[in-house]
Protein chains: 2
Amino acid sequence: MTDQLDIGSLLFIAYRAMGDRVFAAITEAGYDDVTMAQFKLLQRINADGTRLSELAEATQVTKQTAGYLVDQLEAGGYVERGPDPTDARARLIRQTGKAQAIHPIAVAAIAEIEAEWTAHLGKRRMDQLRDGLARLREITDPYLGR
Amino acid sequence: MTDQLDIGSLLFIAYRAMGDRVFAAITEAGYDDVTMAQFKLLQRINADGTRLSELAEATQVTKQTAGYLVDQLEAGGYVERGPDPTDARARLIRQTGKAQAIHPIAVAAIAEIEAEWTAHLGKRRMDQLRDGLARLREITDPYLGR
DNA sequence: CTAAAATAGTCAGTCTCTCTGACTCTTAGA
DNA sequence: TCTAAGAGTCAGAGAGACTGACTATTTTAG
C-alpha cells in the first residue's frame with residue numbers, strides 16, 4: 001500500500017512539496033505573518049477585486065472561513081475591503097501593494113522548483129505534466145463554472 | 001492571477017477533487033466516523049504493521065499528531081497497536097479487518113474518477129500524467145528516503 | 001408594486017487537526 | 001557503564017474549518 005500509491009496521493013505529495021517551499025520562501029523574505037491558508041486565498045484575488053463568496057467558492061471553504069482569513073489579511077495590511085458599486089450587499093476585496101510585493105517572491109520560488117522538477121523529469125515530461133493538470137482543471141475546479 | 005494558476009495550485013485542485021470524492025464514497029458506505037486526516041494515515045500503514053514515527057514521517061506530521069489520529073482510529077476499531085518484537089521502545093500499528101474493508105471502496109471510487117479523467121484527457125495524456133507524478137515522487141516524497 | 005425567496009456577508013460557538021515543550025522508557029555507542 | 005539518541009506519550013495552545021442563526025440587500029413571482 002505504501003509503494004503503490006494512488007494518483008490522488010501522488011498529486012498531494014507533489015503539491016505539498018511545492019507548497020511548503022514556496023511558503024518557506026515567502027516567510028524567509030520577511031512576510032512571516034502570512035499563513036498558508038491566507039496565502040491560498042490571496043492567490044485567488046484578482047486585480048479588479050474579488051468578492052468574499054467568490055474567494056470562498058474558489059478555495060472551497062465556507063464564507064465564514066474566508067471571512068476569518070480576510071480579517072487577518074486585512075489586519076496585516078495585505079488586503080482592503082471596499083464597496084462593490086454594482087451590489088450594496090457585497091464588498092470587493094483587493095490586494096494592497098504589500099500583497100503584490102509577495103508575488104515576485106512566489107514566482108521566483110516556483111520557477112526554482114519547476115527547474116528542479118524539469119531537471120529530474122526532462123522537459124518533455126514536465127510539459128506533459130503541466131498540460132495534463134491544466135486540462136484536468138477544466139473538470140476538477142468547481143470555481144471554473146463561475 | 002486567477003486564470004493562470006501555477007503548477008502547485010493545479011496539483012492541489014486535482015488532489016482536492018479526487019480526495020473529496022473518495023472520502024465521500026467512504027462516508028456514504030457507512031464509515032462515517034473516519035475523517036480525512038485519519039484516512040490519509042490509514043493509507044500509509046502497510047501489511048506488516050508500521051511504526052508511529054514512520055507514519056508521522058510519511059504523512060509529514062509530528063509524532064504527536066500521528067499519535068492523536070491513531071488514538072482515534074484505535075477507538076473506532078480501525079487499527080491496533082502491538083509490540084514491535086525488534087525494539088521494545090516501538091509499537092507496530094496494524095489495520096484491522098474493518099480498515100481493510102474500506103480499501104475496495106476507495107479503490108472503486110478512485111477507479112471511477114480515473115475513468116472520468118481518462119475520458120476527458122484521453123488515455124495517452126492520462127498515462128503521461130500518472131507517470132510524471134510517479135517519477136516526481138522520487139524527489140518530492142520525503143518518506144521515500146526511508 | 002409588493003411580498004417572498006435568494007444572495008452577501010457577519011457573529012457566535014464548536015470541533016478537529018496541528019504544533020511546541022516536557023517527559024519516560026529503551027536502545028546503541030564510546 | 002553511562003551518555004546520547006530514538007520511540008512514544010502527556011499537556012497545553014492556536015489555527016482553521018465547520019454549523020447555525022442573524023441582518024441587509026437584491027431578485028423574482030404573483
Side-chain angles (χ1 to χ4, degrees), chain A residues 12 16 19-20 23-24 27 32-45 49-76 78-94 142-143 145-146, chain B residues 12 16 19-20 23-24 27 31-45 49-76 78-94 143 145-146:
Chain A
F12 178 72
R16 174 99 187 216
D20 283 355
F23 184 63
T27 301
D32 55 358
D33 56 342
V34 184
T35 66
M36 192 72 183
Q38 290 166 22
F39 179 63
K40 276 195 214 173
L41 214 84
L42 219 42
Q43 283 183 297
R44 293 287 191 131
I45 299 174
T50 305
R51 291 185 185 185
L52 188 72
S53 314
E54 287 184 275
L55 289 179
E57 192 189 350
T59 56
Q60 301 220 61
V61 296
T62 59
K63 288 187 295 178
Q64 292 90 325
T65 298
Y68 168 80
L69 295 169
V70 168
D71 282 347
Q72 295 174 320
L73 285 167
E74 196 174 26
Y78 294 96
V79 304
E80 289 168 346
R81 275 187 245 236
D84 182 337
T86 71
D87 190 335
R89 288 171 303 181
R91 315 188 63 184
L92 288 179
I93 295 149
R94 286 200 182 78
Y143 183 57
R146 61 177 175 282
Chain B
F12 178 71
R16 173 96 188 218
D20 283 355
F23 184 64
T27 302
Y31 299 95
D32 56 358
D33 56 342
V34 184
T35 66
M36 193 72 183
Q38 289 166 22
F39 179 62
K40 275 195 214 174
L41 213 84
L42 220 41
Q43 283 183 295
R44 294 285 191 133
I45 300 173
T50 304
R51 290 186 186 185
L52 189 71
S53 314
E54 287 184 276
L55 290 179
E57 193 188 351
T59 56
Q60 300 220 60
V61 295
T62 57
K63 288 187 296 178
Q64 292 91 325
T65 298
Y68 169 79
L69 295 170
V70 168
D71 283 347
Q72 295 174 321
L73 286 167
E74 195 174 26
Y78 293 97
V79 304
E80 288 166 347
R81 276 188 245 235
D84 183 338
T86 70
D87 190 336
R89 288 173 302 181
R91 315 188 62 183
L92 288 178
I93 295 149
R94 287 200 181 77
Y143 182 57
R146 62 177 174 284

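A note on names: the letters A, B, ... follow the listed sequences, proteins ahead of strands, and every chain is numbered from 1.
- The nearest whole Å value for the distance from the CG atom in L41(A) to the C1' atom in dA15(D) is 14 Å.
- OP1 or OP2 of dA8(C) lies within a sub-4.0 Å distance of a side-chain N or O belonging to R51(A).
- Terminal axes of the helix from dC1(C)-dG30(D) to dA30(C)-dT1(D) (five pairs each, C1' rotation axis) are separated by 30°, to the nearest 10°.
- Toward the 5′ end of DNA chain D lies the nearest nucleotide of A37(A), the other residue of the pair T86(A) and A37(A) mapping further downstream.
- Separating the CD atom of E74(A) from the P atom of dG9(C) is a distance of 13 Å, rounded to the nearest angstrom.
- In this structure, CD of E57(B) is placed 16 Å from P of dT18(C), rounded to the nearest angstrom.
- Checked by distance alone, R89(A) brings no side-chain donor or acceptor within 3.5 Å of a matching partner on the base of dG9(C).
- The distance from the CG atom of D32(B) to the OG1 atom of T27(B) is 7.0 Å, given to the nearest 0.5 Å.
- S53(A) has no side-chain polar atom (N or O) that falls below the 4.0 Å cut-off from OP1 or OP2 of dT7(C).
- The backbone N or O of A56(B) sits nowhere less than 3.5 Å from a side-chain atom of R44(B) that would complete a donor-acceptor pair.
- Look at CG on L73(B): it is 13 Å from P on dT16(C), rounded to the nearest Å.
- Residues P83(A) and P85(A) share a closest heavy-atom pair of O-CD, 3.5 Å.
- dC19(C) atom C1' lies 15 Å from atom CD of Q60(B), rounded to whole Å.
- Between the CG atom in L69(A) and the CD atom in Q38(A) there is a gap of 6.0 Å [rounded to 0.5 Å].
- The two residues R51(A) and I93(A) make their nearest non-hydrogen contact at C-CD1, 4.3 Å.
- Non-hydrogen atoms lying under 4.0 Å from DNA chain C are contributed by K63(A), Q64(A), all within residues 62-70 of chain A.
- Heavy atoms only, all atoms of each residue included: L41(A) and L55(A) are closest at O-CD2, 3.9 Å.
- Phosphate proximity of dA15(D) to Q72(A): absent, as no side-chain N or O sits under 4.0 Å from OP1 or OP2.
- Going from atom OH of Y68(A) over to atom CG of L73(A) covers 11.0 Å, rounded to the nearest 0.5 Å.
- In this structure, D71(A) atom CG and dA17(D) atom P are separated by 14 Å, rounded to whole Å.
- The CG atom of L55(B) sits 13 Å away from the P atom of dA7(D) (whole-angstrom rounding).
- Atom CZ in R91(B) sits 14.5 Å away from atom OG1 in T50(B) (nearest 0.5 Å).
- The heavy-atom pair separating E74(A) from R81(A) by the smallest distance is OE1-NE, 3.1 Å.
- Look at R91(A) and you won't find any side-chain N or O under 4.0 angstrom from OP1 or OP2 of dT25(D).
- Atoms CD (E54(A)) and P (dG9(C)) sit 8 Å apart, rounded to a whole Å.
- D87(A) comes within 4.0 angstrom of sugar-phosphate atoms only, judged by non-hydrogen atoms across all strands, and of no base.
- Annotation for F23(B) and T35(B): closest pair CE1-C, 3.5 Å, computed over non-hydrogen atoms.
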